[in-house]
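Order of appearance sets the numbers: ligands from 1, and atoms from 1 within every ligand. In what follows, residues are counted from 1 in the order of the sequence shown. Predicted, not measured: the structure shown is a model, and the values here were computed from it.
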Amino acid sequence: MNRRTAISQTPSERVSVSLGQRSYEILIEPDALRARELREACAGRGCLLVTDQTVGALYAERILAGLDLPSSHCLSLPPGEQHKHLGSFETIVTRMAELGLRRDGCLIALGGGVVGDLAGFAAAAYMRGVDFVQCPTTLLAMVDSSVGGKTGLNLPSGKNLVGAFWQPQLVLADIEVLSTLSDREYRAGLAEVIKYAAIGDAGFFDWLEQQVEQINARDTQTIAQMVAISCRHKAAIVARDEREAGERALLNFGHTFGHALEAGTDYRTLLHGEAVAIGMLQAARLSSAMGMAPQQDAERLSQLLRAVKLPVDPPRLPLQRLHHHLALDKKAVAGGLKFILWRGIGQAEIVRGVDQRALDAVLQSQQ
Ligand code: NAD
Ligand code: GLY
């Protein structure tokens with residue numbers, strides 16, 4: 001599926017996710033939070049805005065004012081992954097019931113992937129499903145979590161163990177809100193952008209290499225283009241494989257390794273995108289070690305990750321611990337682990353069963 005994207009100069013973009021009656025639009029533009037489309041989506045029905053306290057303090061008022069909603073229709077949860085749990089889900093659905101939302105009600109998720117996943121799952125479950133709008137405010141949420149309908153929450157025994165596929169009705173990616181995002185969170189989102197290039201678009205990879213200066217300067221136009229291209233890739237894959245029966249698994253490039261690193265460090269050391277960056281390089285190196293891909297492509301990936309200041313060195317962890325977490329990964333299937341490897345830049349593929357010695361060498365090596 002290696003493609004070569006034509007890079008346009010348009011600052012405002014629309015991407016369609018084609019899923020029959022559940023199709024929707026992604027609007028990528030400055031001031032998208034005040035878009036007419038949001039007012040239309042919410043007109044004449046009960047709405048609840050779900051956000052976190054950090055994002056809510058910055059941007060909730062824009063949406064509430066635009067929709068003429070009182071503050072009681074805004075629920076601000078404490079920020080952070082540690083709050084993506086059943087208690088927060090209960091808080092959301094309880095508020096929906098208190099406000100008297102009916103089956104024609106609508107949730108608006110304003111925040112990063114944590115808020116999007118939680119609110120999306122509440123929308124999927126409340127009265128067996130109501131509409132929801134995603135307003136992603138992190139780069140990671142704009143290019144990944146707000147698109148494609150995966151929603152859910154964590155249990156003490158594991159990440160994202162409860163969830164549902166539930167597509168939003170609309171996605172509004174307001175590029176301007178990224179100006180308040182921390183540098184570290186911004187870079188973590190870049191890992192997912194690089195992932196789309198790595199798995200299926202060598203031309204996009206070339207372009208990212210050429211744009212490093214603008215990417216590091218957080219140039220708005222460059223960011224808008226990265227978000228649009230990433231969303232187009234995700235939309236196309238989701239349209240072909242909504243429930244991850246096949247191709248959608250390619251989006252997990254670097255994630256099997258990354259999840260093992262995150263879990264192995266008790267989710268305290270690495271942001272998800274940072275773990276994915278290291279994991280993608282491990283997947284590329286394993287592909288080279290197994291004779292599937294040229295070593296130079298792994299080196300190019302390493303250089304791009306370093307150029308945008310993402311980590312490439314895995315934290316030192318005992319091999320046994322990594323094996324344990326790899327085996328627990330949701331992508332483990334009967335008969336062995338399913339890895340997403342590549343034949344080179346832009347050509348990812350699903351591989352069942354990998355060379356154990358090569359795997360251990362990659363797990364133990366520092367770049
Ligand atoms: P996050 O939602 O925790 O946001 C990161 C931090 O940035 C938070 O503290 C938040 O308050 C703050 N923040 C968000 N937007 C801001 C802004 N514009 N200005 C200032 N601060 C801002 O983290 P995330 O990286 O967006 O999402 C991670 C979550 O996404 C994980 O739970 C992961 O499992 C999930 N995820 C889901 C999917 C999916 O397909 N559903 C895909 C990838 C990741
Ligand atoms: N984030 C991977 C997926 O949506 O499938």
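Put simply, the side chain of Q211 does not reach to within 4.5 Å of the side chain of D219, judged on heavy atoms. In this structure, the side chains of D52 and S76 stay at 4.5 Å or more apart for every pair of heavy atoms. Counting heavy atoms from C-beta on, the side chains of C135 and V133 come closer than 4.5 Å.
The nearest non-hydrogen atom to atom 42 (C) of ligand 1, considering only A188, S145, G113, comes from S145. Atom 2 (C) of ligand 2 has its nearest heavy-atom neighbour, among E192, E242, K150, in K150.
Between Y196 and H233, the ring-plane angle classifies as parallel under the 30° and 60° cut-offs.
The proximity of T137 to ligand 1, defined as any non-hydrogen pair under 4.0 Å, involves the side chain as well as the backbone. If you look at N160 next to ligand 1, the close heavy atoms, those under 4.0 Å, all belong to the side chain. Counting heavy atoms closer than 4.0 Å to ligand 1, residue E185 contributes side-chain atoms (C-beta onward) but none from N, CA, C or O. Heavy atoms of K84 found under 4.0 angstrom from ligand 1 belong exclusively to the side chain.
For the ligand labelled ligand 1, residue K159 lies inside the 4.0 Å heavy-atom shell. Close to ligand 2: K234, with a non-hydrogen atom less than 4.0 angstrom away.
Near D144, the atoms of ligand 1 lying under 4.0 angstrom from a non-hydrogen atom of the residue are 42 (C), 43 (C). Atoms of ligand 2 lying under 4.0 Å from any heavy atom of R248, numbered from 1 in the order shown and given with element: 3 (C), 4 (O), 5 (O).
Protein heavy atom nearest atom 17 (C) of ligand 1, with residue, atom name and distance: T180 OG1, 3.6 Å. For atom 25 (O) of ligand 1, the nearest protein heavy atom (residue, atom name, distance) is L140 CD2, 3.8 Å. Looking only at heavy atoms of the protein, atom 21 (N) of ligand 1 is closest to T54 CG2, 4.0 Å. In this structure, the protein non-hydrogen atom closest to atom 4 (O) of ligand 1 is T138 CG2, 3.7 Å. Annotation: atom 1 (N) of ligand 2 to nearest protein heavy atom, D144 OD1, 3.0 Å. From the protein, the heavy atom lying nearest to atom 1 (P) of ligand 1 is V114 CG2, 3.9 Å. For atom 9 (O) of ligand 1, the nearest non-hydrogen atom of the protein is P79 CB, 4.0 Å. Ranking protein heavy atoms by distance to atom 10 (C) of ligand 1, first place goes to D52 OD2, 3.3 Å. Of the protein's non-hydrogen atoms, the one nearest atom 13 (N) of ligand 1 is V55 CG2, 3.7 Å.
In this structure, K234 does not pair ionically with D241, as no charged nitrogen and carboxylate oxygen lie closer than 4.0 Å. The pair R184-E274 meets the salt-bridge criterion, with a side-chain N (NZ, NE, NH1 or NH2) lying under 4.0 Å from an Asp/Glu carboxylate O. A salt bridge between K309 and D183 is absent, with no side-chain N of the basic residue lying under 4.0 Å from a carboxylate O of the acidic one.
The cluster map of Ile, Leu, Val, Met, Phe, Trp and Tyr, joined by side-chain heavy atoms under 4.5 Å apart, puts I175 and L58 in the same cluster. In this structure, V143 is a member of the same hydrophobic cluster as V308, with clusters built from ILVMFWY side-chain heavy atoms closer than 4.5 Å.
With L322 as reference, L363 is the one residue of L359, D360, L363 to meet the side chain to side chain contact (heavy atoms under 4.5 Å, CB included) rule.
Contact record, F132 with A123: CB-CB, 3.6 Å, taken as the closest heavy-atom pair.
For ligand 1, the polar-atom distance check finds no N/O of R248 at less than 3.5 Å from any of the ligand's N/O atoms. The shortest N or O to N or O distance between D117 and ligand 1 is under 3.5 Å. In terms of polar-atom proximity, defined here as any N/O pair under 3.5 Å, E81 does make such a contact with ligand 1. Of the polar atoms of V115, none of the N or O atoms is found under 3.5 Å from an N or O of ligand 1, judged by distance alone.
Taking the six-membered ring for Trp, F121 and F89 have ring centres closer than 6.0 Å.
A cation-pi arrangement is present between R218 and Y186, with the terminal nitrogen or guanidinium carbon under 6.0 Å from the aromatic centre and inside a 45° cone about the axis.
Side-chain N or O atoms of S287 include one that pairs as donor or acceptor with a backbone N or O of A283 at under 3.5 Å.
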